[in-house]
Amino acid sequence: MVDTDSGWDGRGGRGSRGTRDTGGTWGVRGARAPDALPDRRVAAPDRGVAAPDSRVAAPDRRAALPGRRVAAVSLVALAALATGCEPGTATGAPEASPPVRPTQAAAPSPTRTAPVTEDAKPRTAPPPSPSVSTTPPAPAPATARPAPEPSTAPPPRVLMRTGSESDRVRELQARLRQIGHFGRNPTGYYGSVTADAVRSFQAKRSLPVTGSTDEVTWQRLLAMTRVPKAAELRPPTERPLAAPDERCLKGRVLCISKNSRTLAWMIDGKVVSAMDVRFGSEYTPTREGVFEVFWKSRDHVSTLYDTPMPYALFFSGGQAVHYSADFAANGYGGASHGCVNVRDKKKVAALFDQVRTGDKVVVYW
């Protein structure tokens, strides 16, 4: 529409001021054109009718604009990719939408760095297939070992045990003494001392500790020792003889040591025979000192205690050297009533035959 009050004629130039007519319009160049004005006013509606057509068509032109702008932006993006830059918004196109990034990474050029794309990011592992289990397999259960079956082999045969008495027992004791398990002289009797020595040997060699000598124990002992000599098998006493008292070095003397618990029959300082002995208890002690044999009684029986005293050699009152069955059976677990007990019957019988009345007796520590 043309503003008739502004003096503008709509043609790009100013008209000269003229005389205003009754219609309120100004003539151009001072001349009034009454006939032309109605035509122009009539034509205005035509242009006004056409205006909607132009306004309707405008959206078509604007709709086509983005396509051209997208093409322009794509060219800019390609140019940026060619120079190694990240894609950005083209200058002078603030209304352009962000460029669409390619969904697949282009093959990298040998001299160019490939653009960062979504493919270059670490991907989350796809969910496992229903048919494939991701759970680690459970360890196979350990196969239980079958319990060892009890041995059906018979135990080794026992050769010697407590109560045995033989030359083999004497050899056992002599061999145990060679390796330090038996601290006495062999007697031939398997008592508690011998059983303890066998237990000590078995324990040190990791054998069943029974105290009895079976075939396995015996063979192991034979392999570790030598054959005993005659003097080792039949020593005069269970324990080594003590050094003789100086009063025993002259004449015929029964030299009796309380310390070693031995008796040595000596003639002029030489030992003729020796034997184990035991003494009286603290209530009936054996007297110490120098005495002489005053009476011999081969089958004597004590009138005070009513006990046998075979091969008795009396030296001080009712005290005598004689054989003791109790000593032979129980060893040093008992005591006498003051007499000197001998447990080897053969030895004391031979001694009885050799000793004379009046021979010296020395009892000492």
Side-chain angles (χ1 to χ4, degrees), residues 167 170 173-174 177 182-189 228-280 284-302 307-328 331-332 335-365:
D167 287 342
R170 190 178 295 273
Q173 293 167 337
R177 180 170 178 145
F182 192 75
R184 303 180 183 182
N185 290 334
T187 63
Y189 179 78
K229 298 179 181 179
E232 294 176 302
L233 290 172
R234 297 184 181 275
T237 59
E238 180 180 318
R239 292 178 176 86
L241 286 171
D245 188 276
E246 61 181 5
R247 295 170 291 183
C248 301
L249 298 178
K250 293 181 180 180
R252 297 163 61 92
V253 184
L254 291 174
C255 193
I256 303 170
S257 170
K258 282 188 172 182
N259 185 41
S260 64
R261 294 186 284 189
T262 59
L263 182 153
W265 166 234
M266 301 180 68
I267 299 176
D268 296 331
K270 294 182 179 179
V271 177
V272 177
S273 65
M275 58 204 72
D276 298 321
V277 294
R278 75 177 182 180
F279 308 97
T284 57
T286 301
R287 289 183 286 272
E288 301 163 15
V290 179
F291 312 93
E292 64 179 33
V293 177
F294 67 90
W295 181 33
K296 294 172 62 174
S297 179
R298 185 179 295 273
D299 298 313
H300 190 77
V301 176
S302 171
T307 56
M309 296 172 58
Y311 309 106
L313 302 169
F314 288 93
F315 62 89
S316 175
Q319 295 185 354
V321 176
H322 67 85
Y323 170 74
S324 170
D326 181 76
F327 183 27
Y332 290 98
S336 72
H337 293 99
C339 290
V340 178
N341 293 159
V342 180
R343 63 181 174 185
D344 193 323
K345 193 172 184 178
K346 291 182 179 180
K347 286 186 177 181
V348 73
L351 179 66
F352 182 85
D353 293 337
Q354 296 176 30
V355 173
R356 304 171 187 169
T357 303
D359 287 345
K360 187 189 298 187
V361 177
V362 178
V363 181
Y364 68 101
W365 279 99

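For the single chain, residues carry numbers from 1 onward in sequence order. Note: hydrogens, waters and symmetry copies are ignored here, and every other heavy atom, side chains too, is used.
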| said: Assess the residue pair V293 and R356 against the criterion (side chain to side chain contact (heavy atoms under 4.5 Å, CB included)); give the C-alpha distance rounded to whole Å, side-chain angles, the decisive distance to 0.1 Å, and a yes or no. | reply: CA-CA 7 Å; V293 177; R356 304 171 187 169; over 6 Å; no
Hey, does [Y] have a side-chain heavy atom less than 4.5 Å from the side chain of [X]?
X: L249; Y: P244; answer: yes
X: D326; Y: R278; answer: yes
X: P186; Y: L233; answer: no
X: F315; Y: R287; answer: no
X: F279; Y: I256; answer: yes
X: T286; Y: Q319; answer: yes
X: V348; Y: H322; answer: no

| task | Check step by step if side chain to side chain contact (heavy atoms under 4.5 Å, CB included) holds for V253 and R247. | result | CA-CA 9 Å; V253 184; R247 295 170 291 183; over 6 Å; no
Measure across [X] and [Y] and return the closest heavy-atom pair with its distance rounded to 0.1 Å.
X: T284; Y: S336; answer: OG1-O, 3.3 Å
X: K250; Y: K360; answer: O-NZ, 4.3 Å
X: C339; Y: G318; answer: SG-O, 3.7 Å
X: P240; Y: S260; answer: O-CB, 3.8 Å
X: C248; Y: Y364; answer: SG-CE2, 4.5 Å
X: G317; Y: F294; answer: O-CZ, 3.3 Å

Kindly compute the distance separating [atom1] ([X]) from [atom2] ([Y]), expressed to the nearest 0.5 Å.
X: H300; Y: T307; atom1: NE2; atom2: OG1; value: 8.5 Å
X: F327; Y: D344; atom1: CZ; atom2: CG; value: 10.0 Å
X: L351; Y: L263; atom1: CG; atom2: CG; value: 6.5 Å
X: K347; Y: W265; atom1: NZ; atom2: CH2; value: 15.5 Å
X: S273; Y: Q354; atom1: OG; atom2: CD; value: 6.0 Å
X: D245; Y: M266; atom1: CG; atom2: CE; value: 10.0 Å

So, [X] side chain and [Y] main chain: donor-acceptor pair closer than 3.5 Å or not?
X: D268; Y: G251; result: yes
X: Q173; Y: G188; result: yes
X: R298; Y: Y311; result: no

| task | Please assess R177 against E232 for the test salt bridge (charged side-chain N to carboxylate O under 4.0 Å, His left out), listing each intermediate value before the final yes or no. | result | CA-CA 9 Å; R177 180 170 178 145; E232 294 176 302; over 6 Å; no
| task | With K296 as the cation and F352 as the aromatic partner, state whether NZ or CZ is under 6.0 Å from the six-membered ring centre and within 45° of the axis. | result |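 Cation-pi check for K296 and F352: passes.
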| request: Cation-pi check, R239 to Y332: give yes when NZ or CZ is under 6.0 Å from the six-membered ring centre and within 45° of the ring axis, no otherwise. | output: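 Yes, cation above the ring, under 6.0 Å and within 45°.
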